[in-house]
Amino acid sequence: DAGVIQSPRHEVTEMGQEVTLRCKPISGHDYLFWYRQTMMRGLELLIYFNNNVPIDDSGMPEDRFSAKMPNASFSTLKIQPSEPRDSAVYFCASSLRETQYFGPGTRLLVL
Amino acid sequence: GIQVEQSPPDLILQEGANSTLRCNFSDSVNNLQWFHQNPWGQLINLFYIPSGTKQNGRLSATTVATERYSLLYISSSQTTDSGVYFCAVDRGSTLGRLYFGRGTQLTVWP
């Protein structure tokens with residue numbers, strides 16, 4: 001299997017612009033997670049889905065963030081409008097059982 | 001949420017040395033996983049170990065759930081072991097959200 005696939009790998013944008021991050025989970029996995037990693041806050045869960053349904057979005061920082069999973073093989077995390085404090089590495093992970101498998105991450109820089 | 005404390009925050013070793021990393025958590029857990037983040041940022045799952053002991057090559061882990069800690073042992077360390085080691089836990093379902101510690105930064109010199 002190709003593992004969890006994320007795109008883009010790097011994104012540089014200006015404050016106020018919309019940013020869309022994409023994730024393709026491992027085929028057959030029914031859990032999908034979005035994490036954010038920063039020096040200040042470490043690794044934190046933003047939202048996770050089970051069978052395409054959002055289960056826990058309590059980590060989503062504010063209304064500027066939204067996530068969707070229209071089907072079992074695709075998810076998006078959108079930031080609109082983006083702010084410099086959103087700069088971070090965003091990871092997508094998937095699992096079938098307990099073990100979570102992480103994608104390579106998207107490094108986002110908001111100027 | 002549940003609190004996760006890892007120690008030491010930094011560890012520098014010579015190749016071939018052994019090391020023990022510790023993870024303390026503030027509540028009983030049903031889910032505990034150890035991850036390695038390599039210098040390129042990739043996160044790799046090492047163990048799912050809410051209790052008991054597991055071994056995988058030079059790495060082993062032990063979780064004493066009743067005392068709320070877990071240990072990761074690295075034997076005969078190699079330069080490729082360098083990176084950050086994270087402990088992540090949850091007290092709820094074995095599936096679902098994980099709370100991550102701040103990690104132990106390991107540097108192994110040749």
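Letters go in sequence order (proteins before strands), and every chain restarts at 1.
In this structure the side chain of Tyr101(A) never reaches within 4.5 angstrom of the side chain of Ile44(B), judged on heavy atoms. Considering only heavy atoms from C-beta on, Gln42(B) stays 4.5 Å or farther from Phe91(A) through its side chain. The side-chain heavy atoms of Pro50(B) and Glu98(A), taken from C-beta on, include no pair separated by under 4.5 Å.
For Asp63(A), the CG atom counts as loosely surrounded, since its 6.0 Å shell holds 12 or fewer non-hydrogen atoms of other residues, nucleotides or ligands. Heavy-atom contacts from other residues, nucleotides or ligands closer than 6.0 Å to CZ of Arg107(A) number 12 or fewer. Remark: Glu62(A) CD is packed, more than 12 non-hydrogen atoms of other residues, nucleotides or ligands lying under 6.0 Å away. Remark: Gln80(A) CD is packed, more than 12 non-hydrogen atoms of other residues, nucleotides or ligands lying under 6.0 Å away.
In this structure, Ile49(B) is a member of the same hydrophobic cluster as Phe25(B), with clusters built from ILVMFWY side-chain heavy atoms closer than 4.5 Å. Phe47(B) and Val4(B) fall within a single hydrophobic cluster, where Ile, Leu, Val, Met, Phe, Trp and Tyr are joined by side-chain heavy atoms under 4.5 Å apart, directly or via other members. A chain of hydrophobic side-chain contacts below 4.5 Å, direct or via other Ile, Leu, Val, Met, Phe, Trp or Tyr residues, connects Leu43(B) to Tyr48(A). Following chains of ILVMFWY side-chain contacts shorter than 4.5 Å, one cannot reach Phe49(A) starting from Tyr31(A), and the two form parts of different hydrophobic clusters.
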Given side chain to side chain contact (heavy atoms under 4.5 Å, CB included), test Phe86(B) with Gln37(A) step by step and report yes or no.
CA-CA 12 Å; Phe86(B) 291 101; Gln37(A) 186 176 32; 3.7 Å; yes
Evaluate the criterion side chain to side chain contact (heavy atoms under 4.5 Å, CB included) for residue pair Tyr35(A) and Leu98(B); output intermediate values, then yes/no.
CA-CA 10 Å; Tyr35(A) 290 89; Leu98(B) 288 174; 3.8 Å; yes
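Using a 4.5 Å cut-off between heavy atoms, Arg41(A) contacts chain B through its backbone alone, with no side-chain atom that close. With a 4.5 Å cut-off on non-hydrogen atoms, Ile55(A) does not touch chain B at all. Glu44(A) does not touch chain B: none of its heavy atoms, backbone or side chain, sits under 4.5 Å away.
Across Phe35(B), Phe100(B), Tyr99(B), a single residue satisfies side-chain contact (heavy atoms from CB on, under 4.5 Å) together with Leu43(A), and that is Phe100(B).
Residues Arg102(B) and Gly42(A) approach most closely at NH2-N, 3.5 Å, considering heavy atoms.
Annotation: the span from Tyr48(B) atom OH to Arg97(A) atom CZ amounts to 9.0 Å, rounded to 0.5 Å.
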